[in-house]
A.B. asks: 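This is the structure I want to talk about, given as structure tokens.
Counting starts at 1 for both ligands and their atoms, in listed order. Numbering of residues begins at 1 and proceeds along the displayed sequence. Side chains are part of it too, since the values below use all heavy atoms of this structure and drop only hydrogens, waters and symmetry mates.
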Amino acid sequence: MKLLVVGSVAFDAIETPFGKTDKILGGAATYIGITSSILGVKSGIVSVVGGDFPQEHLDMFTNREVNIEGIEIVKEGKTFFWSGRYHNDLNTRDTLATEVNVLENFDPKIPDSMQDAEILLLGNLHPGVQLSVLEKMNKRPKLVILDTMNFWMDCAWDILMDMIAKTDVITINDEEARQLSGEYSLVKAAKKIHTMGPEFVIIKKGEHGALLFHDGKVFAIPALPLEDVFDPTGAGDTFAGGFAAYLAKKGKIDFDTMKSALIVGSAMASFTVEKFGTQRIEEVNESDMFSRLRQFKELTTFDIELQ
Ligand code: AMP
């Protein structure tokens, strides 16, 4: 199945307790595109960058067979820039700067070559932009996956509700699920979110893994316990990318396939956090992925006698 990704392609400047970076490559669609290519899935990105965006980054996508026909270059504009500082727990961060730049007037254009995509992954952007992408598809994709965040709940609630109503799979973190549903219990939160539209609800719990809810069933996965977490930026995007790419690779979108997709997402995210920005995930190949998937299997498999 073909995977269409809509999201930011950006510059990030990151500070963690271990150091800081200058402007480096970032953006949700960047992490997703790289992750899909590791799985050998052909994806296409719809995004916008400025004239300041280096050709070498665009070449990186092309070399990975990521279709970038849908990345518009606004020559006279500047690329979206985000800067954040992580606290010592590495779970919480402060946004130091968000320079929206060319993303401000982003009017996504879907190239003809991606119109037949069967899986659409809408990275975290204004829900109005996400909705417009769906409206511009000639045919509704088989699966619409939505990533969003509390910021849009605070400032664009009504349109976010319209977008969620048209979503099959939503991925949000635990705090966002609570805010969206008004429920503290994540089980109750997921039930309520189902009534808003999505048949599948994924709740990410950072270093504690993730939950998948569907049709009265729940599946839980841990995050791989890592000795060193260096920079969590992009972990959520990598997770979503691994999840979507696995479904695209298998060509199946049922609950059981999604269970494995969740593991793949989590395994890929465990690479991203090991170095700054995209540095680590850019080094990963298919065999690295398989060895980490084996680690996941060992971590979660056990025998038990029930009588
Ligand atoms: P994550 O760590 O998964 O939340 O994603 C981090 C990525 O999201 C960074 O690479 C940023 O460039 C990008 N990002 C941060 N804020 C926004 C925003 N408001 N819109 C789009 N992308 C953003």
A.B. asks: Should the pair K136-D107 be classified as a salt bridge under the 4.0 Å nitrogen-to-oxygen rule?
C.D. replies: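 Yes, this pair counts.
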A.B. asks: Look at atom 18 (C) of ligand 1 and find which of F151, F80, F11, W82 reaches it with the closest heavy atom.
C.D. replies: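 Nearest option to atom 18 (C) of ligand 1, by heavy atoms: F80.
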A.B. asks: For ligand 1, is there an N or O atom under 3.5 Å from any N or O atom of T98?
C.D. replies: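 N/O-N/O distance under 3.5 Å: no.
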A.B. asks: Run the salt bridge (charged side-chain N to carboxylate O under 4.0 Å, His left out) check on E274 and R292 step by step: do they pass?
C.D. replies: CA-CA 13 Å; E274 288 180 333; R292 198 145 288 191; 3.1 Å; yes
A.B. asks: Tell me: protein heavy atom nearest atom 7 (C) of ligand 1, and distance?
C.D. replies: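 Here the closest protein heavy atom is D237 OD2, 3.6 Å.
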A.B. asks: What atoms in ligand 1 come closer than 4.0 Å to a heavy atom of S8?
C.D. replies: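 Contacts of ligand 1 toward S8, numbered from 1: 13 (C), 21 (C), 22 (N), 23 (C).
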A.B. asks: Looking only at N/O atoms, are T233 and ligand 1 under 3.5 Å apart anywhere?
C.D. replies: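 So ligand 1 has no N or O lying under 3.5 Å from an N or O of T233.
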A.B. asks: With heavy-atom distances below 4.0 Å as the criterion, list the atoms of ligand 1 near G27.
C.D. replies: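 Atoms satisfying the 4.0 Å criterion: 9 (C), 10 (O), 12 (O).
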A.B. asks: Between F255 and F219, how do the two ring planes meet: parallel, tilted or perpendicular, split at 30° and 60°?
C.D. replies: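 Ring orientation of F255 relative to F219: perpendicular.
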A.B. asks: For atom 21 (C) of ligand 1, which candidate among T272, N124, V100 holds the nearest heavy atom?
C.D. replies: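 Selected option, by shortest heavy-atom distance: N124.
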A.B. asks: Charged N to carboxylate O below 4.0 Å: is that the case for E283 and K275?
C.D. replies: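 A salt bridge links E283 with K275.
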A.B. asks: Of the protein's non-hydrogen atoms, which lies at the shortest distance from atom 12 (O) of ligand 1, and what is that distance?
C.D. replies: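 Heavy-atom neighbour on the protein nearest atom 12 (O) of ligand 1: D12 OD1, 2.6 Å.
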A.B. asks: Going by the atom numbers of ligand 1, which of them fall below 4.0 Å from some non-hydrogen atom of G26?
C.D. replies: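 Counting from 1, the qualifying ligand atoms are 10 (O).
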A.B. asks: Considering the heavy atoms of A10, write down every atom of ligand 1 situated less than 4.0 Å from one of them.
C.D. replies: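 Within the 4.0 Å cut-off of A10, ligand 1 contributes 12 (O).
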A.B. asks: Taking the six-membered ring for Trp, are F200 and H214 parallel (under 30°), tilted (30 to 60°) or perpendicular (over 60°)?
C.D. replies: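 F200 and H214: parallel rings.
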A.B. asks: In Å and rounded to the nearest 0.5 Å, what is the CD to CE distance from E176 to M149?
C.D. replies: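 It comes to 6.5 Å.
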A.B. asks: At a 4.0 Å threshold, what atoms of ligand 1 neighbour a non-hydrogen atom of Y31?
C.D. replies: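 Reading through ligand 1 atom by atom, the close ones are 10 (O).
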A.B. asks: Report the residue from T171, I170, I172 that forms a side chain to side chain contact (heavy atoms under 4.5 Å, CB included) with P198.
C.D. replies: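 Of T171, I170, I172, side chain to side chain contact (heavy atoms under 4.5 Å, CB included) with P198 is met by I170 alone.
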A.B. asks: Can a salt bridge be assigned to the pair D168 and R140 using a cut-off of 4.0 Å between side-chain N and carboxylate O?
C.D. replies: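 Counted as a salt bridge, because a side-chain N and a carboxylate O are separated by less than 4.0 Å.
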A.B. asks: For atom 2 (O) of ligand 1, what is the nearest protein heavy atom, given as residue, atom name and distance?
C.D. replies: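 Scanning the protein heavy atoms, the shortest distance from atom 2 (O) of ligand 1 goes to G234 N, 2.8 Å.
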A.B. asks: When you look for heavy atoms under 4.0 Å from ligand 1, do you find them on the side chain of R93, its backbone, both, or neither?
C.D. replies: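 Contact part for R93 vs ligand 1: side chain (C-beta onward).
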A.B. asks: Applying salt bridge (charged side-chain N to carboxylate O under 4.0 Å, His left out), run through D256 and K250 and close with a yes or a no.
C.D. replies: CA-CA 11 Å; D256 280 334; K250 291 285 155 190; over 6 Å; no
